[in-house]
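Residues: numbered from 1 along the sequence shown.
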Amino acid sequence: MSWSEIPVALVAGFLSFLAPCVLPLVPGYLSTVSAVSAEDLGRPGTARRVVTSSIPFVLGFTAFFVLLGVGASLLGGSLFRDQFLLEEVAGFVLVVFGLAFMGLLPWPERLVGAGLVQGARSRGSRVLLGGAFAVCAAPCIGPVLAAILVLAGSSDTALEGAGLLAVYSLGLAIPFVLAGALFTRAMGAFRWLRDHYRAIQFAGGLVMVALGLLLFFGRFYVLRIYVNRALEWIGLEPVF
């Protein structure tokens with residue numbers, strides 16, 4: 001995992017949070033994991049309880065995504081011994097997923113695994129509920145998740161692939177926890193983002209396509225150059 005992929009994975013996680021199958025369900029999940037009614041979310045005295053209760057939930061979906069990252073890395077390494085061929089295949093797939101995310105190619109968005117959520121609720125496990133949430137959301141956030149899995153598949157080691165998906169999960173977790181801590185103000189901001197989701201979706205798809213083309217043509221180092229220049233501009237040392 002290169003440093004240039006970290007912000008990509010973080011932004012991808014945030015885009016997944018804005019997905020139509022995730023953002024509208026945030027109040028319900030916050031209410032379920034904290035046992036605070038949806039009407040009481042955002043009231044004084046509830047933020048600490050909601051945030052604390054959200055941590056096991058976040059760990060649950062993080063574990064699921066990290067396992068996917070490990071699997072993608074192992075699969076990519078076993079199928080493609082040639083790193084250049086792997087990057088070409090990864091780049092092509094990334095372009096396809098980017099076009100799908102922009103809405104230019106069809107992509108199935110049917111939710112699955114609803115029974116897992118009910119099972120996790122009946123067991124009272126926030127960790128299992130987080131894992132069930134990840135399984136249910138995966139088809140809807142598929143293009144973004146698949147794009148990050150493609151990058152994980154092109155990683156040198158399974159540990160790097162796991163790290164990339166951990167960063168992706170962090171991008172999904174940060175707004176989720178912030179929503180619990182600052183529910184009233186956060187929901188106002190999220191509503192604005194939801195209303196502009198199509199523009200954000202199109203821009204995110206363009207980024208995926210650009211990354212895919214860089215990988216396919218063996219020019220991913222260009223992104224690293226610009227990341228280094230940005231670090232130098234803000235006064236930090238280049239990292240690679």
Side-chain angles (χ1 to χ4, degrees), residues 1 5-36 38 41 49-73 97 101 109-153 155 158-181 183 186-187 190 193-194 197 204:
M1 176 178 63
E5 292 173 344
I6 292 177
V8 174
L10 197 66
V11 171
F14 182 67
L15 287 174
S16 296
F17 180 83
L18 297 177
C21 61
V22 176
L23 185 57
L25 301 181
V26 169
Y29 275 106
L30 289 174
S31 177
T32 299
V33 300
S34 64
V36 174
L41 290 173
R49 178 178 178 181
V50 174
V51 171
T52 303
S53 302
S54 299
I55 294 175
F57 178 82
V58 167
L59 292 176
F61 69 67
T62 298
F64 175 80
F65 290 134
V66 167
L67 286 175
L68 286 182
V70 172
S73 299
F97 286 135
F101 189 64
E109 295 188 356
R110 182 174 54 87
L111 293 177
V112 297
L116 293 177
V117 174
Q118 187 60 39
R121 284 177 175 173
S122 64
R123 291 177 175 82
S125 172
R126 298 185 181 101
V127 175
L128 289 178
L129 184 61
F133 159 79
V135 173
C136 290
C140 179
I141 63 176
V144 180
L145 177 59
I148 298 303
L149 288 175
V150 167
L151 289 179
S155 301
L159 183 61
E160 291 182 359
L164 193 64
L165 268 295
V167 173
Y168 168 81
S169 298
L170 182 64
L172 180 58
I174 289 174
F176 190 92
V177 175
L178 283 177
F183 184 77
M187 284 300 104
F190 292 149
L193 291 169
R194 179 199 60 196
Y197 178 71

Close side-chain approach of Phe133 to Thr32, heavy-atom, < 4.5 Å: no
Which heavy atom in Leu172 sits nearest to a heavy atom in Phe61, and how many Å separate them? CD2-CE1, 3.8 Å
Assess whether side-chain contact (heavy atoms from CB on, under 4.5 Å) is satisfied between Ile174 and Phe17, documenting all intermediate values. CA-CA 9 Å; Ile174 289 174; Phe17 180 83; over 6 Å; no
If you look at every heavy atom in Val144 and Ser16, which pair is closest and at what distance? CG1-OG, 3.6 Å
For Ala9 and Ile148, the nearest pair of non-hydrogen atoms, with its separation, is CA-CD1, 3.8 Å
Strictly under 6.0 Å, is that where the ring centroids of Phe57 and Phe176 end up? yes
Which heavy atom in Ala152 sits nearest to a heavy atom in Gly69, and how many Å separate them? CB-O, 4.1 Å
Sub-3.5 Å donor-acceptor pair from the side chain of Arg126 to the main-chain atoms of Ile55, do we have one? no
Where the side chain of Ser31 meets the backbone of Pro27, is there a donor-acceptor pair that is under 3.5 Å apart? no
Hits for side chain to side chain donor-acceptor pair (under 3.5 Å) against Ser54, two or more places apart or cross-chain, chain-then-number order -> none
Please give me the minimum heavy-atom distance between Leu165 and Leu149, naming the atom from each residue. CD2-CD2, 4.0 Å
Between Val50 and Val36, what is the shortest heavy-atom contact and its length? CG2-CG2, 4.3 Å
Check: Leu15 and Val11 side chains under 4.5 Å, non-hydrogen atoms: yes
